[in-house]
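Reviewing the structure listed below.
Heavy atoms only: backbone and side chains are in, while hydrogens, waters and symmetry mates are out. Reminder, nothing fancy here: chain letters follow the sequence lines and each chain counts from 1.
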Amino acid sequence: MSETWQGPGAQDRLRILRSTRSIAIVGASPNPARASYFVATYLLSSSPYDVYFVNPRATEILGHPVYPSLSELPVVPDLVDVFRRHEDLPGVLAETLAVGARTLWLQLGSWHEDVARDAEAAGLNVVMDRCIKIEHARFYGGLHLAGFDTGVISSRRADR
Amino acid sequence: MTEHTFGFRTRALHAGGIPDSATGARAVPIYQTTSFVFQDTDDAASLFALQKYGNVYSRIGNPTVAALEERMASLEGGIGAVATASGMSAEFITFAALVGAGDHVVASAQLYGGTVTQLDVTLRRFGVRTTFVPGTDPADYAAAITPETKVLYTEVVANPSGEIADLEGLAEVAHAAGIPLVVDATLATPYLVRPIEHGADIVIHSVTKFLGGHGTTLGGVVVESGRFDWGNGKFPQMTEPVPAYGNVRWWANFGEYGFLTKLRSEQLRDIGPALSAQSAFQLLQGIETLPQRLDAQLANARAVAEWLDADPRVSYVLWAGLPSHPHHERAQKYLPLGPGAVFAFGLQVPAGDGGTAVGDDGRVGVGPPDHVPVLDGREAGRLFIESLQLASHLANVGDSRTLVIHPASTTHQQLTIEQLEAAGVPEDLVRISVGLEDVEDILWDLDQALTTATGMNR
């Protein structure tokens with residue numbers, strides 16, 4: 001994949017996370033070994049976000065209902081976190097725009113330049129090839145406690 | 001928006017040390033506790049399943065230790081770090097993560113004596129074979145690699161030969177074989193070279209040395225780049241399900257964070273060489289002034305090396321900062337500020353009258369060379385060490401004070417004659433770790449001890 005698209009820097013990613021209240025995980029899996037499940041357990045236990053699950057082939061994940069599509073969620077999510085195959089991503093963008101979410105976030109390993117450009121042209125924040133669990137943990141202390149470099153240099157008190 | 005990139009000195013002071021959210025404490029607090037209470041049973045379950053980050057037990061992680069880990073990761077340009085009780089335990093948990101019975105290690109023959117015995121005695125007894133490769137030619141390392149080889153291991157600055165590893169050449173050899181290049185960069189510190197920038201995958205330090213810098217506290221650290229492909233088929237321990245953690249797979253579930261997550265969650269848990277919070281605090285204090293101390297120590301080391309090199313009572317000086325050293329050019333490439341403040345030199349054993357090694361009274365007096373009995377190198381080294389007044393005779397390097405040792409009788413005494421040869425440690429060799437004293441005082445001390453040991457004035 002040729003990488004000409006420039007993603008948001010650390011401060012912009014922190015701004016996105018701070019302005020987000022609800023997250024829809026599209027392509028959420030009930031399989032505990034899948035990355036989406038790990039992200040879900042983290043967001044439910046360690047973040048303030050309202051988390052919604054979207055997957056037409058699942059009914060319940062971690063005790064939460066699973067919705068067949070973004071349009072059937074009871075709320076408009078602020079951020080759509082996508083765990084879907086590359087060829088499905090344009091369709092997910094169309095759904096995201098249709099419901100009116102503000103941020104499209106493609107999971108670690110997921111990169112689609114056309115989708116990113118179209119999403120930005122439509123006014124969305126776009127993050128690609130990053131894990132929202134890791135990015136949240138980067139700014140809210142978890143990554144630091146696990147001995148990883150957060151890249152955060154600041155003389156201000158840490159966010160709680 | 002372009003992001004500001006903070007410099008090395010700034011990160012040495014600030015990385016990993018954001019003021020505490022609860023108290024606002026500016027210094028990193030010392031969390032002197034074994035354990036941390038859970039919020040509830042769900043919290044405990046999530047922590048044990050690695051589904052959330054947090055504190056459980058200080059053998060696995062501790063907030064004070066985490067500050068040191070993040071600071072070291074930042075300074076090395078790695079993805080993260082795991083701190084340990086000593087440099088040796090940092091090496092051991094790394095080998096424990098990478099090799100098992102039947103596996104093979106290719107290592108430089110010029111390693112610290114404790115590392116040689118860890119590989120050649122302890123790990124060999126566990127069924128791990130190591131081939132020690134003399135010299136620094138990457139082709140020799142490539143030739144030693146077998147299908148069972150899982151690690152290529154070297155030190156950046158060899159002690160006491162002062163030879164500099166060909167990091168880029170070794171990285172190429174390791175990666176062609178699908179194995180990581182693991183580098184002990186203790187004598188250099190990240191201020192002088194960041195091996196990950198030259199292709200290394202894992203960097204190990206004895207933080208005890210220049211990083212801590214004051215000779216007070218033991219510690220070690222393992223830093224990983226986050227770039228190695230642990231899913232290449234050579235490391236099933238990274239790709240197969242781990243029953244103890246709900247069948248997670250380190251590589252599939254944690255990706256670039258997988259190796260260090262495994263190192264902490266398995267090796268630190270099972271083997272137990274945790275760094276204490278008190279020690280982490282003291283080592284952090286040292287790291288804050290690493291650049292300033294090393295600048296001064298390098299300046300002193302250069303002055304001492306040049307002074308010794310010009311002294312007829314000294315037969316050789318093994319510091320790659322000198323143009324005469326075979327790796328001078330390589331040192332300038334990898335360590336442009338200078339190849340550290342630890343080096344070795346040899347005593348010019350005076351040509352004598354064929355008499356006994358020592359005088360009848362067991363001492364050698366000051367006098368012209370032809371009146372001094374022939375000394376062997378070992379005896380001259382002993383006399384030199386025992387005549388020093390300022391430099392301390394002890395088994396450490398990287399203190400703020402000048403240190404000396406005679407390796408053949410101390411740090412390397414556990415090596416066989418063959419290993420001594422391969423490690424380049426002649427009997428007359430003295431190692432010095434140049435400190436922060438006034439350089440005139442260091443030179444005065446060396447001068448008077450050389451006079452006593454050789455019977456010659458400069």
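For the 3.5 Å distance criterion, the side chains of W5(A) and E120(A) qualify, holding a donor opposite an acceptor. Using a 3.5 Å distance cut-off with no hydrogens or angles, the side chains of D50(A) and S22(A) do not pair a donor with an acceptor.
Neither the backbone nor the side chain of V82(B) comes within less than 4.5 Å of any heavy atom of chain A. Looking at Y257(B), the atoms closer than 4.5 Å to chain A (heavy atoms on both sides) sit in the backbone and in the side chain alike. Contacts between T23(B) and chain A at a heavy-atom distance below 4.5 Å involve the backbone alone (N, CA, C, O). Heavy atoms closer than 4.5 Å to chain A are found nowhere in A25(B), neither backbone nor side chain.
Relative orientation of the F259(B) and W230(B) rings is parallel, given thresholds of 30° and 60° on the angle between their planes.
More than 12 heavy atoms of other residues, nucleotides or ligands shown are found within 6.0 angstrom of OH on Y245(B). With a 6.0 Å radius and a threshold of 12 heavy atoms from other residues, nucleotides or ligands, Q6(A) has its CD atom at or below the threshold.
Contact tally against chain B (heavy-atom pairs below 4.5 Å) for I134(A), L108(A), T41(A): the top residue is T41(A). Ranked by heavy-atom pairs under 4.5 Å with chain A, the list R71(B), E69(B), Q51(B), R249(B) is led by Q51(B). Contacts with chain B were tallied for L43(A), T150(A), V39(A); T150(A) has the most, counting heavy-atom pairs under 4.5 Å. When each of P241(B), A83(B), S46(B), G24(B) is checked for heavy-atom pairs under 4.5 Å with chain A, G24(B) comes out on top. Interface check for chain B: of the options G151(A), A146(A), P8(A), A35(A), the most heavy-atom pairs under 4.5 Å are formed by A146(A).
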Would you list the atom pairs, donor with acceptor, under 3.5 Å between side chains in residues 7-19 of chain B and any protein atom, with sequence neighbours excluded?
residue : atom : partner : partner atom : Å
R9(B)   : NH2  : Y191(B) : OH           : 3.3
R9(B)   : NH2  : D295(B) : OD2          : 2.8
R11(B)  : NE   : F6(B)   : O            : 3.0
R11(B)  : NE   : G7(B)   : O            : 3.4
R11(B)  : NH1  : S74(B)  : O            : 2.6
R11(B)  : NH1  : S74(B)  : OG           : 3.4

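The shortest heavy-atom contact between F36(B) and G61(B) is CE1-O, 4.0 Å.
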